[in-house]
Amino acid sequence: MSATTTTANANENISTTPTADLRHRRHTLNPNRTFTDRCGVAAQTALEWGVSRVSPLGDPHIYDTRLFPWAAEIEHDWRLVRAELDAVMTFRDQMPSFQDILKEVGAIQSDNNWKTFFLAGIGMDCAENRKRCPETVRLLGKIPGMTTAFFSILSPGKHIPAHRGAWNGILRLHLGLMVPEPRERVRIRIGNDFYSWREGEALIFDDTFNHEVWNDTEGYRVVLFVDFARPLYQPFHWLNRRLLNFGALAPFLREAGEKQKRWQDAFWKKKTG
């Protein structure tokens, strides 16, 4: 099933729809006050416009998953991922909150209701976590240009406010793994469209479009959250991949990698020691 079709169906079950046009990439957090900030945003806007022009799949906010042949393989084996998730969910309360790893997430979260279990990340050592999820790691290997992967765990009642991603040279996959009922109350708005996750179903979208998330249920919502390089015409695809690789040198990503490794090493040492 295509994500676009699923979104249309989900909209029928959502009573509130946006009254403004939210299908944009405008920066919605931390208003830029300095001249340097404004120049940086202008440069990024120009670069992202260029990326959208050299994308063979166009520039939608939500993609038809049939455009990515590997997505069907991921969906087919989703129960193997779910089994590994069930095992690690036993220590959910001990997992780091997202902002504990990537401090920039503190702009949209200050509580402990968005937990992460990292399996891959630019510049990250996730070896000990990966040992516990071999089937998930195997499936991640099928995703070309995969850069980041983790179990994204939202607590009951969690709301993630409107925001946008860092760079449209990546796309995002959500594979539904644990979706509480009523499903229509566990949803993401991307632009002006709503989508409610289904267990075993993939959603692929461009997170640089304005988006927002709700879990208005009493259960935990978990997806396999994956970022991967956006397909582009050559030589732009090659250039984008090089840019993503250089991201490991960014101070904030090095810091995130260090925090992830500290948590991982301390946690598994305690569990096995």
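Just so you know, these numbers use all the heavy atoms, side chains as well, and skip hydrogens, waters and symmetry mates. Computed from a predicted structure; not experimentally measured.
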(request) Take Thr148 and Met124 through the test side chain to side chain contact (heavy atoms under 4.5 Å, CB included) and record every step on the way to the result. (result) CA-CA 9 Å; Thr148 303; Met124 279 190 178; over 6 Å; no
(request) Show your reasoning for whether side chain to side chain contact (heavy atoms under 4.5 Å, CB included) applies to Ser110 and Gln99. (result) CA-CA 8 Å; Ser110 58; Gln99 75 273 16; 5.6 Å; no
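One N or O on the side chain of Asn192 and one on the backbone of Ala20 form a donor-acceptor pair closer than 3.5 Å. When atom types are taken as modelled, the side chain of Arg221 and the backbone of Gly176 share no donor-acceptor pair closer than 3.5 angstrom. Looking only at distances, a side-chain donor or acceptor of Arg185 sits under 3.5 Å from a matching main-chain atom of Asp216. Glu135 places no side-chain N or O within 3.5 Å of a backbone atom of Glu84 that could act as its donor or acceptor partner. Side-chain atoms of Asn240 come within 3.5 Å of backbone atoms of Gly169 as a donor-acceptor pair (strictly under, hydrogens ignored). Judged by distance alone, the side chain of Asp100 and the main-chain N or O of Ser97 form a donor-acceptor pair under 3.5 Å. Using modelled atom types, one side-chain atom of Arg130 and one backbone atom of Leu119 make a donor-acceptor pair closer than 3.5 Å. In terms of modelled atom types and a separation under 3.5 Å, the side chain of Gln234 and the main chain of Trp238 share a donor-acceptor contact. A donor-acceptor pair under 3.5 Å is absent between the side-chain atoms of Arg172 and the main chain of Phe205, judged by distance alone. Checking side-chain atoms of Arg230 against main-chain N and O of Ser55 turns up no donor-acceptor pair under 3.5 Å.
Salt bridge present: Asp265 and Lys261 bring a charged side-chain N and a carboxylate O closer than 4.0 Å. Between Arg25 and Asp59 there is a salt bridge, with a side-chain nitrogen of the basic residue lying less than 4.0 Å from a carboxylate oxygen of the acidic one. Between Glu128 and Lys271, none of the side-chain N atoms (NZ, or NE/NH1/NH2) sits under 4.0 Å from a carboxylate O, so this pair counts as no salt bridge. With respect to Glu255 and Lys259, a salt bridge is recorded, a charged nitrogen being found less than 4.0 Å from a carboxylate O.
Aromatic pair His24/Phe209: centroids not less than 6.0 angstrom apart.
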